[in-house]
**Student:** 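Okay, handing you the structure first.
FYI, side chains are in, hydrogens and waters are out, and symmetry mates aren't considered; it's all heavy atoms of this structure.
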Amino acid sequence: MALIVQKYGGSSVGDADKIKHVARRIIETQAAGNQVCVVVSAMGDTTDELMDLANQVASRPEGRELDMLLTAGERISMALVSMAINDLGAKSLSFTGSQAGIITDEVHGNARIAEVTPDRVAEALAGGNIAIVAGFQGFNRNSKDITTLGRGGSDTTAVALAAALKADVCEIYSDVDGIYTADPRIIPTARKLDAIDVESMLELAAAGAKILHIRAVEFARRHKVNLVVRSTFSTDPGTVVISDENGAKQMEESIVSGVATDKSQAKITVIGIPDVPGKAAAVFTTVAEAGANIDMIVQNTPTGSDVTDAVSDITFTLPKGDLKHVLDALAQNKDVLGYRELESDEQIGKLSVVGAGMRTHSGVSAILFRALAEAGINVEMISTSEIRISVITSLDQVDDAARAVHKAFDLDSDTVATVYAGTGR
Ligand code: ASP
Ligand code: MG
């Protein structure tokens with residue numbers, strides 16, 4: 001008997017009919033001779049709606065209370081899915097994150113899983129039940145409070161449970177047939193991949209691809225979880241994320257596996273910083289103390305008449321949500337940091353191309369920059385890793401940039417991908 005962990009995203013449990021559909025699918029999986037543990041997200045756009053409500057009643061809702069509020073979304077879907085399964089004659093029990101033994105650190109809104117002790121889930125499965133677990137949430141032992149794992153965190157719940165239960169496979173169900181060479185909502189001719197190596201998937205997730213939560217991919221890599229991304233609404237076998245090195249070696253290495261865009265970033269330029277050792281450290285210490293996670297950094301060559309009055313500019317990108325308080329922190333430290341002025345821009349987009357084959361193939365950047373030039377797209381910043389190249393463009397050009405680059409790397413297919421549900425919000 002195999003043990004399968006399935007995760008259903010918000011659009012898969014968006015209304016009563018979809019919940020009944022999911023319930024039938026789960027029962028079929030059990031009837032085929034498997035033990036089934038299911039992780040669910042909140043229905044549809046519930047999490048966003050709860051967030052909007054919180055922001056209407058408070059200007060800065062406390063992390064603890066936000067987590068209490070948002071975790072309710074997953075509790076609603078876990079109970080409804082469980083009821084639907086029981087109604088169809090199979091046995092099911094639902095569990096909150098803390099009942100399922102998802103133990104986290106204390107960081108509200110972005111907690112990390114410290115330990116998974118799914119005794120009650122294992123017991124339920126042994127008793128012939130289907131176990132339904134609320135995704136995205138955990139429990140901290142010190143504070144005795146409920147936490148959340150960051151937006152999109154139900155994937156991580158599923159992979160963590162799969163590792164702890166030693167499941168044979170963890171299936172992430174979504175509203176598209178698997179992992180595509182680009183988001184089919186932006187590039188309808190994106191091609192579905194049968195398999196992808198975990199390193200490329202990590203880079204794609206970090207670059208803004210929303211198909212899998214980055215922590216879930218990290219967890220799968222570390223614990224060698226068999227991960228598959230499939231659709232709730234079709235029988236397509238989906239995309240396998242290959243975590244073990246031998247498996248990845250057997251794959252034919254594509255130069256580029258995919259293109260991702262990220263519209264959630266902003267950039268700050270600190271202009272006229274004295275070109276002396278320690279100034280960059282001071283700037284980034286200020287940014288770090290403000291709590292922002294920065295991504296790309298560029299420092300231009302110093303200008304000035306001689307060494308003593310040379311100044312340079314530093315530009316970096318950060319999440320839009322951190323822009324205001326980082327600007328405030330830098331402004332408060334203007335005298336100590338000694339810069340001339342600050343500039344910021346929220347109208348930027350990041351485009352990334354990712355592929356394990358970049359390690360061994362040359363000429364990838366030439367193709368990329370030629371495609372961007374031919375499409376008339378201006379590149380503002382560039383950064384690279386061993387298997388990724390990212391560029392910053394203006395926000396209104398980033399989708400066009402993605403389409404041009406997708407085409408230049410021959411990733412387009414002749415059919416149009418099906419998006420079964422969901423707003424991609
Ligand atoms: N409901 C949560 C969110 O919207 C968690 C998830 O969907 O995985 O971010
Ligand atoms: Mg999700």
**Student:** Any side-chain to backbone donor/acceptor pair from Thr269 onto Ile271? Under 3.5 Å, distance only.
**Tutor:** no
**Student:** So if I apply the side chain to side chain contact (heavy atoms under 4.5 Å, CB included) rule between Pro118 and each of Leu165, Ile102, Val133, Leu125, which one comes out positive?
**Tutor:** Leu165
**Student:** Between Arg151 and Asp48, does any NZ, NE, NH1 or NH2 come within less than 4.0 Å of an OD or OE carboxylate oxygen?
**Tutor:** yes
**Student:** For the residue pair Thr96 and Gln137, confirm or rule out a side-chain donor-acceptor distance under 3.5 Å.
**Tutor:** no
**Student:** Would you say Arg230 and Asp177 make side-chain contact, with heavy atoms under 4.5 Å?
**Tutor:** no
**Student:** Do the side chain of Asp168 and the main chain of Ala2 share a donor and acceptor less than 3.5 angstrom apart?
**Tutor:** no
**Student:** Please determine whether side chain to side chain donor-acceptor pair (under 3.5 Å) holds for the pair Ser92 and Ser82, giving the CA-CA distance in whole Å, both sets of side-chain angles, and the decisive distance to 0.1 Å.
**Tutor:** CA-CA 6 Å; Ser92 167; Ser82 186; 2.8 Å; yes
**Student:** Is there a donor-acceptor pair under 3.5 Å between the side chain of Asp295 and the backbone N or O of Leu318?
**Tutor:** no
**Student:** Please assess Asn110 against Arg215 for the test side chain to side chain donor-acceptor pair (under 3.5 Å), listing each intermediate value before the final yes or no.
**Tutor:** CA-CA 11 Å; Asn110 206 12; Arg215 298 246 190 97; 3.1 Å; yes
**Student:** With a 4.5 Å cut-off on side-chain heavy atoms, are Asp155 and Val39 touching?
**Tutor:** no
**Student:** As an exercise, state the distance from OG1 of Thr360 to CD1 of Ile255, rounded to the nearest 0.5 Å.
**Tutor:** 7.5 Å
**Student:** Out of Val229, Ile4, Leu227, which one pairs with Cys170 under the side chain to side chain contact (heavy atoms under 4.5 Å, CB included) rule?
**Tutor:** Leu227
**Student:** Output yes when a side-chain donor or acceptor of Ser234 lies under 3.5 Å from a complementary backbone atom of Ser231, and no otherwise.
**Tutor:** no
**Student:** Nearest 0.5 angstrom please: Glu380 CD to Asp345 CG, how far?
**Tutor:** 6.5 Å
**Student:** Should the pair Lys267-Glu343 be classified as a salt bridge under the 4.0 Å nitrogen-to-oxygen rule?
**Tutor:** no
**Student:** Salt bridge or not for Arg185 and Asp175, using N-O below 4.0 Å?
**Tutor:** yes
**Student:** Quick one: do the His108 and Thr148 side chains pair a donor with an acceptor below 3.5 Å?
**Tutor:** no
**Student:** Got Met201 and Arg221 here, is their nearest side-chain heavy-atom distance under 4.5 Å?
**Tutor:** no
**Student:** Given side chains that start at C-beta, do those of Glu289 and Thr285 come closer than 4.5 Å, heavy atoms only?
**Tutor:** yes
**Student:** How long is the straight-line distance from OG1 of Thr286 back to CG of Asn333, given to the nearest 0.5 Å?
**Tutor:** 4.5 Å
**Student:** Once you round to the nearest 0.5 Å, how far does CG of Leu80 lie from CE of Met43?
**Tutor:** 6.0 Å
**Student:** Within the structure provided, determine whether Ile19 and Val81 are in side-chain contact (heavy-atom separation under 4.5 Å).
**Tutor:** yes
**Student:** Do side-chain atoms of Gln347 reach the backbone of Ser394 as a donor and acceptor pair under 3.5 angstrom?
**Tutor:** no
**Student:** Determine, step by step, whether Asn300 and Ser312 satisfy the side chain to side chain donor-acceptor pair (under 3.5 Å) criterion, reporting the C-alpha distance in whole Å, the side-chain angles of both residues, the deciding distance to 0.1 Å, and the verdict.
**Tutor:** CA-CA 6 Å; Asn300 68 3; Ser312 64; 4.6 Å; no
**Student:** Could you tell me whether Asp275 and Lys279 have a side-chain N and a carboxylate O separated by less than 4.0 Å?
**Tutor:** no
**Student:** Thinking salt bridges, do Lys407 and Asp412 make one under a 4.0 Å N-O criterion?
**Tutor:** no
**Student:** Return yes if some donor-acceptor pair links the side-chain N/O of Asn34 with the main-chain N/O of Thr29 below 3.5 Å, else return no.
**Tutor:** yes
**Student:** Taking the side chain as every heavy atom from C-beta outward, state whether Val169 and Val228 have any pair of such atoms under 4.5 Å apart.
**Tutor:** yes
**Student:** Among all residues two or more places apart in sequence or in another chain, which pass the side-chain contact (heavy atoms from CB on, under 4.5 Å) test with Thr232?
**Tutor:** Tyr8, Ser12, His21, Val22, Tyr173
**Student:** Check whether any side-chain heavy atom of Glu115 lies under 4.5 Å from a side-chain heavy atom of Arg141, and answer yes or no.
**Tutor:** yes
**Student:** Hey, does Gln35 have a side-chain heavy atom less than 4.5 Å from the side chain of Met1?
**Tutor:** yes
**Student:** Would you call Arg359-Glu386 a salt bridge at under 4.0 Å N-O?
**Tutor:** yes
**Student:** Quick check against the 3.5 Å criterion: does Asp313 have a side-chain atom that pairs as donor or acceptor with the backbone of Gly272?
**Tutor:** yes
**Student:** Find the distance between CD1 (Ile187) and CG (Asp399) and round it off to the nearest 0.5 Å.
**Tutor:** 8.0 Å
**Student:** What closest approach, in Å, do Ala162 and Val5 show between heavy atoms, and which atom pair accounts for it?
**Tutor:** CA-CG2, 3.8 Å
**Student:** Rounded to the nearest 0.5 Å, what separates atom CZ in Phe409 from atom CG in Leu368?
**Tutor:** 5.5 Å
**Student:** Consider only side-chain N and O atoms of Asp262 and Ser264, and report whether a donor and an acceptor are under 3.5 Å apart.
**Tutor:** yes
**Student:** Taking Lys18's backbone N and O only, do any of them form a donor-acceptor pair with Asp15's side chain (distance below 3.5 Å, no angle check)?
**Tutor:** yes
**Student:** Please evaluate residues Arg64 and Asp145 with respect to the criterion salt bridge (charged side-chain N to carboxylate O under 4.0 Å, His left out), reporting the C-alpha separation (whole Å), side-chain torsions for both, the decisive distance (0.1 Å), and the verdict.
**Tutor:** CA-CA 8 Å; Arg64 180 186 185 278; Asp145 275 331; 3.1 Å; yes
**Student:** Could you check whether any side-chain N or O of Thr384 sits under 3.5 Å from a backbone N or O of Ile389, counting only pairs where one atom can act as donor and the other as acceptor?
**Tutor:** no
**Student:** Can any side-chain N or O of Lys334 pair as donor or acceptor with the backbone N or O of Arg340 at less than 3.5 Å?
**Tutor:** yes
**Student:** Any chance the side chains of Thr147 and Thr104 put a donor and an acceptor closer than 3.5 Å?
**Tutor:** yes
**Student:** Start with the C-alpha distance between Arg388 and Glu203, add both sets of side-chain angles, then the distance that settles salt bridge (charged side-chain N to carboxylate O under 4.0 Å, His left out), and finish with yes or no.
**Tutor:** CA-CA 7 Å; Arg388 175 186 51 78; Glu203 289 273 8; 2.8 Å; yes
